[in-house]
Amino acid sequence: MDRSGAQLIVEALRREHVDTVFGYPGGAVIPIFNALYDAPDIRVILNRHEQAAVHGADGYARATGKVGVVIATSGPGATNTVTGLATARFDSIPIVCITGQVARALIGNDAFQEADTIGITQPVTKHNYLVMKRESLGNMLKQSFHLAATGRPGPVVIDVPKDVQMEQYDDEYPEAVSIRGYKPQSRPSPDLIQDFAKLFPTAKKPLFFLGGGMTIANAGEVFNKIFHQTGIPVVTSLMGIGVVDSKHPLNLGMIGMHGTIAANLAITACDLLVGLGVRFDDRATGEPSRFAPNATIVHVDIDPSSIGRNIHVDLPVVGDLKLVLEDLAPHLGRADLSAWVEEIQTFTATGKEFSKRRQDTGLPSPEDMLNAVNEIFPDAVITTEVGQNQMWAAQYLQFSKPRKWLTSGGLGTMGYGFPAALGAQAGKPDETVVVIAGDGSFQMNIQELATCVQEHLPVIVVIMNNGYLGMVRQWQELFFEKRYSKTCLQERYGCAKGCTDPGGHCPPYAPDFAGIAIAYGAQGYRTDTLQQFEAALLAAKESRRPTVIDCLIGREENVWPIVAPGKGNDQMLYEGVTV
Ligand SMILES: Cc1ncc(C[n+]2csc(CCOP(=O)(O)OP(=O)(O)O)c2C)c(N)n1
Ligand SMILES: [Mg+2]
């Protein structure tokens, strides 16, 4: 039976069990949207910007574990996807991004809305395809889904010229896929597992370090068995949050620049460090020569190219984390770690002691706000924007399950959190989805309020409004003599240069976020006490409507502790005092 390329694309979506796609139409993808018009089984979410559509597919993928799909037109549609693709690439999120391209005969002619999508997206994708023959479309689609989801997952772009979308051909969507040279290794040899297991009985201070790969590999369940069986403490990267219950006393939380005091002290003291699905990113390691200086380091990852890149690894283990841990588990027993656990308790106590130094600003503190979110939405899916809001969320929010913590870890993309929340909500309609946002970041994709309202996605946005690009301001305060160059979001033309004294004399904040929410048809609240904030959260919970809660916080609140650039994780500052 002859069918058009566009019809085959829709068939591919069905065969890959895609129930939701995110996108934005344009001249070069009209045939695809036309074919989707006849596919009531596939929900098409119309975002208001292609970047947001990719973040939507990304949030959907992180929350559900499925491949996220996005469709954008040629030229500006495709170029708008780049930040979304780079965000997904960095955090290893499976996405298939279908872009329209000008007709084959026009490629290379500077045709209207032509862009070299393959060239532009190559560095920010796992792979990409330009479909120059209608007969190749089926295989390339199948390969795109396969590559996106397997091995180290990532975004794949498939660029389809408009005339390929319209060309008729008699083909079926392929059943099987084989890509020459692509065989992600999944299971290490039994000998390697033996070597790995041998390190545990002699270690006096073992420590697990969990990263985002644990969630991607769905390795949480088997890991928790090992964790309870061995009693070995855990630290995480930003992306590793949610694999182990935050409330467990042996889960010390995040390491690194804004990690917890206990986690940074533990990683400095440990003698066996087992990194699982981590990248040893510079924000996590601090100065590499001071990172885990006493430890034998094991690194388990599906991607051999990420092993040994940033720090020296003693035992590399390439493989699928779930399979590796399943193979390892039978070799592990319970050793006497009481001296190590006692030492860890002193680290935790130090952390508690320092936290008492936080000063009251007279406005809701980040910790109080996030505790309220913990209490009112204990099981919510949380997404974050980027900046101080993201770090406070990582420090104070509590999780007991994976796929509930969605944050742009590698790229640190402002504007990620809100559209990702829409995607997560579309994929998990029965769950509550809360965005922890900054007043700067939220404005990077604020137009998605329209998507939210019109698609009935009752996302709750919590803006921690400090009137600043707070994280950059914090760096200016600590490392650039308080020269607040272009980080004040209340600054108006005519404000005194060098103002470091935000207060009542400042011009009013623009925009009025609650007013904007209401203008879009969502609910909006502006709060400046904890009581008002909690009441707004409860109102949002009650209504199940999209809601924006703009909560004022102390303008110069800082994230503590901080490991200054160039310093080691053992050299933390808390409220300016050395830990
Ligand atoms: C797209 C993008 N541009 C710039 C940055 C650099 N940046 C990192 S944090 C930050 C400030 C974010 O401000 P806001 O959203 O208000 O969050 P806050 O730190 O105040 O909580 C900036 C500008 C970024 N991460 N992403
Ligand atoms: Mg801010």
Side-chain angles (χ1 to χ4, degrees), residues 49-52 54-55 58 79-91 124 238 256-258 281-283 361 363-370 373 382-397 407-421 434-448 461-480 483-491 502 506 509-513 516 526-528 533 548-560 562 565:
H49 190 301
E50 290 87 351
Q51 180 194 344
V54 186
H55 292 326
D58 173 316
T79 55
N80 269 350
T81 65
V82 169
T83 303
L85 295 169
T87 303
R89 173 71 174 139
F90 229 132
D91 290 343
V124 294
L238 176 67
M257 182 171 275
H258 293 298
D281 171 270
D282 53 276
R283 285 288 193 272
T361 61
L363 285 159
S365 74
E367 183 173 4
D368 286 346
M369 282 178 73
L370 295 163
V373 173
I382 306 277
T383 76
T384 77
E385 292 294 348
V386 167
Q388 294 182 313
N389 59 87
Q390 177 186 33
M391 293 298 115
W392 286 320
Q395 292 177 336
Y396 299 124
L397 287 176
T407 196
S408 169
L411 199 66
T413 308
M414 291 172 69
Y416 168 79
F418 180 38
V434 179
V435 188
I436 305 299
D439 49 320
S441 301
F442 183 52
Q443 294 187 69
M444 288 224 172
N445 270 314
I446 197 166
Q447 78 287 343
E448 294 307 308
V461 182
V462 169
I463 304 175
M464 306 182 87
N465 189 342
N466 49 15
Y468 276 111
L469 299 173
M471 184 56 92
V472 183
R473 184 209 57 74
Q474 175 170 348
W475 279 53
Q476 290 171 333
E477 177 187 335
L478 300 180
F479 312 123
F480 289 85
R483 287 157 59 92
Y484 290 171
S485 181
K486 295 295 150 191
T487 43
C488 178
L489 295 178
Q490 274 179 254
E491 181 182 342
C506 291
Y509 191 93
D512 163 11
F513 287 114
I516 287 214
R526 185 182 176 87
T527 67
D528 59 11
F533 176 65
V548 174
I549 306 172
D550 179 16
C551 185
L552 302 189
I553 62 170
R555 294 206 59 197
E556 293 182 289
E557 286 269 12
N558 283 334
V559 182
W560 301 111
I562 183 169

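The structure displayed is predicted, hence computed values, not measured ones. As the structure lists them, so they are numbered: ligands from 1, and atoms in each ligand from 1. We use all heavy atoms of the structure for the numbers below, so side chains are in, but hydrogens, waters and symmetry mates are not.
At a cut-off of 2.8 Å, Met464 is not counted among the residues with an N, O or S atom near the Mg ion (ligand 2). The Mg ion (ligand 2) has no N, O or S atom of Gln388 under 2.8 Å away, backbone or side chain.
In this structure, the side chain of Glu385 engages the main chain of Gly415 through a donor-acceptor pair within 3.5 Å. Side-chain atoms of Asn466 never come within 3.5 Å of backbone atoms of Ile553 as a donor-acceptor pair (strictly under, hydrogens ignored). At least one donor-acceptor pair under 3.5 Å links the side chain of Gln388 to the backbone N or O of Glu557. Proximity of a side-chain donor or acceptor of Asn445 to a complementary backbone N or O of Phe442 within less than 3.5 Å is not detected. Listed for the Asp528 side chain is no donor-acceptor partner under 3.5 Å among the backbone atoms of Leu552.
Close N/O approach between Gly412 and ligand 1 is found [any backbone or side-chain N/O within under 3.5 Å]. Ligand 1 has an N or O atom lying under 3.5 Å from an N or O atom of Gln388, backbone or side chain. Below 3.5 Å of separation, one finds no N or O of Met444 facing any N or O of ligand 1. Any N or O atom pair closer than 3.5 Å counts here, and Met464 shares no such pair with ligand 1.
For ligand 1, the atoms lying closer than 4.0 Å to a non-hydrogen atom of Gly440 are 14 (P), 15 (O), 16 (O). For ligand 1, the atoms lying closer than 4.0 Å to a non-hydrogen atom of Leu469 are 11 (C), 13 (O), 20 (O). When each atom of ligand 1 is checked for a heavy atom of Met471 under 4.0 Å away, the hits are 9 (S), 19 (O). Numbered from 1 in the order shown, with element, the atoms of ligand 1 that lie under 4.0 Å from a heavy atom of Val386 read 12 (C), 15 (O), 17 (O), 25 (N). The atoms of ligand 1 that sit less than 4.0 Å from any heavy atom of Gly387 are 9 (S), 19 (O). Of all atoms in ligand 1, numbered sequentially from 1 with element shown, those under 4.0 Å from a heavy atom of Gly470 are 13 (O), 18 (P), 19 (O), 20 (O). Against a heavy-atom cut-off of under 4.0 Å, Gly438 is close to the following atoms of ligand 1: 14 (P), 15 (O), 16 (O), 17 (O).
Around atom 24 (C) of ligand 1, the closest heavy atom drawn from Gln390, Met414, Arg473 belongs to Met414. Nearest to atom 17 (O) of ligand 1 by heavy atom, out of Leu411, Thr384, Asn389, is Asn389.
Contact of the Ile562 side chain with the His258 side chain is registered, since non-hydrogen atoms from C-beta on lie closer than 4.5 Å. With contacts defined as side-chain heavy-atom distances shorter than 4.5 Å, the pair Leu478/Gln474 qualifies.
Under 4.0 angstrom from ligand 1, the non-hydrogen atoms of Asp439 come from both its backbone and its side chain. At a 4.0 Å heavy-atom cut-off, ligand 1 does not touch Phe442 at all.
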Steps toward side chain to side chain donor-acceptor pair (under 3.5 Å) verdict (Asp58, Tyr416): CA-CA 9 Å; Asp58 173 316; Tyr416 168 79; 2.7 Å; yes
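Among the heteroatoms counted here (N, O or S) of Asp439, OD1 is the one nearest to the Mg ion (ligand 2).
In this structure, a donor-acceptor pair under 3.5 Å is present between the side chains of Tyr484 and Glu556.
Note that Arg526 lies outside the cation-pi zone of Phe513, set by a 6.0 Å cut-off to the ring centre and a 45° limit from the axis.
The heavy-atom pair separating Pro364 from Met369 by the smallest distance is CB-CG, 3.9 Å.
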